[in-house]
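The model shown is predicted, which means the values in this text are computed figures rather than measured ones. All chains are named by letter (A, B, ...) in the order of the sequence lines, taking the proteins before the strands, and each is independently numbered beginning at 1.
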There are 2 protein chains.
Amino acid sequence: MLEINQLRCFVAVAEELHFSRAAERLHMTQPPLSRQIQLLEHSIGLPLFIRSNRMVRLTPAGRNLLPEARAILRMAEQARNSALRVGLGEEGRVVIGFTAVAGYQFLPDMLLRLRKALPGIDLQLREMVTAWQLDALVQGHIDLGLLRPSSRGEGLEDLCVAKEPLMAAIPEDHPLASLRSLHLKDFHDQPMVMYSPDEARYFHDLVHQVFHAQQVYPRYDQYVGQVHSVLALVRSGFGVALVPESASRLHYEGIVYRRVGGVSPAKPVELHLVWRRDNDNPAMARVLTYFERLRRAR
Amino acid sequence: MLEINQLRCFVAVAEELHFSRAAERLHMTQPPLSRQIQLLEHSIGLPLFIRSNRMVRLTPAGRNLLPEARAILRMAEQARNSALRVGLGEEGRVVIGFTAVAGYQFLPDMLLRLRKALPGIDLQLREMVTAWQLDALVQGHIDLGLLRPSSRGEGLEDLCVAKEPLMAAIPEDHPLASLRSLHLKDFHDQPMVMYSPDEARYFHDLVHQVFHAQQVYPRYDQYVGQVHSVLALVRSGFGVALVPESASRLHYEGIVYRRVGGVSPAKPVELHLVWRRDNDNPAMARVLTYFERLRRAR
DNA sequence: CGTCATTACGGAATGCGTAATGATA
DNA sequence: TATCATTACGCATTCCGTAATGACG
């Protein structure tokens with residue numbers, strides 16, 4: 001096989017067309033240089049130079065090899081530097097999972113700042129629901145999850161990054177839409193679109209608690225997994241719903257959003273960043289350092 | 001610097017994720033393999049694997065290096081093969097100089113056949129007049145010249161590949177254009193466009209001899225260097241001219257071509273292939289072998 | 001205690017430098 | 001004879017294989 005060292009020798013001689021000068025440039029003496037060239041020629045099976053004692057010139061095979069040899073040397077150099085930069089986290093990739101709703105409010109800001117602060121790092125995005133993100137984190141398919149709170153914390157770090165109130169999403173032609181101010185009690189016995197207890201455990205429990213605390217009991221007719229779907233059903237007239245404030249960014253035609261009195265301020269909707277404590281991605285480490293610096297600055 | 005051998009070891013371990021199996025694949029024992037990996041890691045400055053005794057896995061830096069290492073190995077392999085093929089003439093480049101007129105008749109056929117017979121060889125074309133081609137041949141800028149005969153034969157091989165008669169090129173509204181048959185004598189005292197004695201020595205001498213042999217003396221009003229230019233002047237009414245038959249392929253609007261009686265058949269226009277005897281381009285050698293085979297087949 | 005990577009060590013091969021040789025103008 | 005590549009040879013380093021050690025389940 002061609003050896004890197006031999007290629008380096010070859011390039012030097014091919015550029016100088018003079019063994020002695022090439023040897024000088026390589027910080028060695030001529031004889032071993034001659035020998036390396038001979039070995040290279042032998043391993044290819046052809047002469048690369050024509051030595052006419054007063055003149056060294058390339059054979060066609062040598063002329064052909066020269067640019068390739070340069071390319072290989074350049075690649076080797078780059079590979080080394082790139083591996084080093086990846087190791088130091090100056091370059092690399094961080095895969096981020098996010099829920100659809102986070103994609104409308106929190107994520108864009110975060111990405112903008114991250115890209116600015118860590119320009120060498122390639123940020124890859126994958127939309128998935130909270131439960132899938134937790135799986136993907138554990139399996140190492142994503143480095144970072146932007147998701148709703150969850151109890152599954154085996155080896156996972158968790159940071160609350162946003163809190164927002166729940167708001168009512170109401171079809172614009174619904175009687176409640178015309179009320180000046182809205183209170184939880186107004187939802188009593190109302191048909192509502194509810195979150196599914198397994199696909200959207202967090203929202204399910206949160207909405208349930210909010211109403212239960214006030215002894216209000218709406219009628220839960222529909223159970224769906226994502227805020228998107230909730231809004232789609234609200235718009236189709238299946239009832240009203242409680243959604244995080246940021247969902248109002250979705251600008252669903254035919255839906256109005258209202259603040260609701262009686263919702264405990266101690267129960268906001270939270271958005272969390274989650275990652276594996278033993279994640280070994282150095283680029284990820286730099287992202288975390290960046291978050292840490294942000295947190296302290298506040 | 002990264003060594004090829006170390007990269008090969010790295011790729012094997014990265015693919016097997018198991019030192020013993022990788023060593024087996026590399027036809028060596030584990031300990032030196034471990035050592036090569038350590039050396040590689042040291043030369044990069046970072047660990048590439050995490051060895052947890054029951055499990056070998058890549059670090060991010062290693063994951064990043066893997067495709068680059070594969071690429072380098074592939075390139076090294078290719079470089080070797082390519083150099084060998086170039087050396088054997090199975091692959092390579094032949095630069096061919098040609099005169100403008102040759103480009104209309106002889107060259108296209110020749111290229112078609114060469115490309116078919118020697119598919120691995122890249123044929124590069126450069127149009128230039130005979131004198132320039134001779135220079136370019138000597139200096140090694142072209143491998144092969146397709147040109148008019150010349151006396152400069154220092155180390156050059158020469159092969160006549162085409163003979164063609166001279167024909168008259170006449171403006172269509174010229175009195176001679178309407179004659180049924182044309183003889184050299186008809187050119188006596190006629191204004192003619194002549195070839196320049198330094199830029200187109202061969203044509204100059206040839207035309208001169210043709211007329212001289214018959215004691216015919218036209219009037220040479222214009223001297224130009226290329227057949228192209230001759231035709232342009234003929235078309236502009238500066239006179240008539242003798243041109244090689246293949247020039248009629250140029251299909252100049254307003255020019256008619258006529259055979260001429262009295263032109264010695266022993267003095268056709270010749271087209272020659274010329275190359276350096278000591279040309280070391282193996283692809284060129286194959287081209288020559290091809291010509292030789294053609295010649296013998298005839 | 002079995003598996004598997006690392007460390008330890010001896011022998012072979014490789015690479016470099018110095019000195020001698022050879023070829024060419 | 002001067003220049004410059006090659007050959008010859010001795011020494012240091014590198015690389016491989018075998019044997020011993022060590023870590024983890």
To the nearest Å, give me how far apart CD1 (B/I50) and P (C/dT6) are.
-> 13 Å
Return yes if some donor-acceptor pair links the side-chain N/O of A/S43 with the main-chain N/O of A/L40 below 3.5 Å, else return no.
-> yes
Under 4.0 Å between a side-chain N or O of A/R51 and OP1 or OP2 of D/dC4?
-> no
State plainly whether the residues A/R74 and A/E77 are in salt-bridge range, i.e. N to O under 4.0 Å.
-> no
Yes or no on side-chain hydrogen bond (donor to acceptor under 3.5 Å, both in side chains) for B/D135 and B/Q133, after CA distance, side-chain angles and deciding distance?
-> CA-CA 5 Å; B/D135 272 356; B/Q133 285 191 49; over 6 Å; no
Distance check: side-chain N/O of B/N5 vs OP1/OP2 of D/dT14, anything under 4.0 Å?
-> no
For atom CE of B/M55 and atom C1' of C/dT6, their distance in whole Å | 20 Å
Positions of residues 16-39 of chain A (non-hydrogen atom under 4.0 Å from DNA chain D), listed by number = A/H18, A/F19, A/S20, A/P31, A/S34, A/Q38
Distance in angstrom units between A/L40 CG and C/dT14 P, rounded | 15 Å
At their closest point, which heavy atom of A/R25 faces which heavy atom of A/A12, and how far apart are they?
-> NH2-CA, 3.5 Å
Flag the pair B/R85 and B/E91 as a salt bridge only when some basic side-chain nitrogen lies within less than 4.0 angstrom of an acidic carboxylate oxygen.
-> yes
Protein-nucleotide distance (A/Q6, atom CD; C/dC16, atom C1'), rounded to Å = 14 Å
Charged N to carboxylate O under 4.0 angstrom, A/R57 versus B/D280?
-> yes
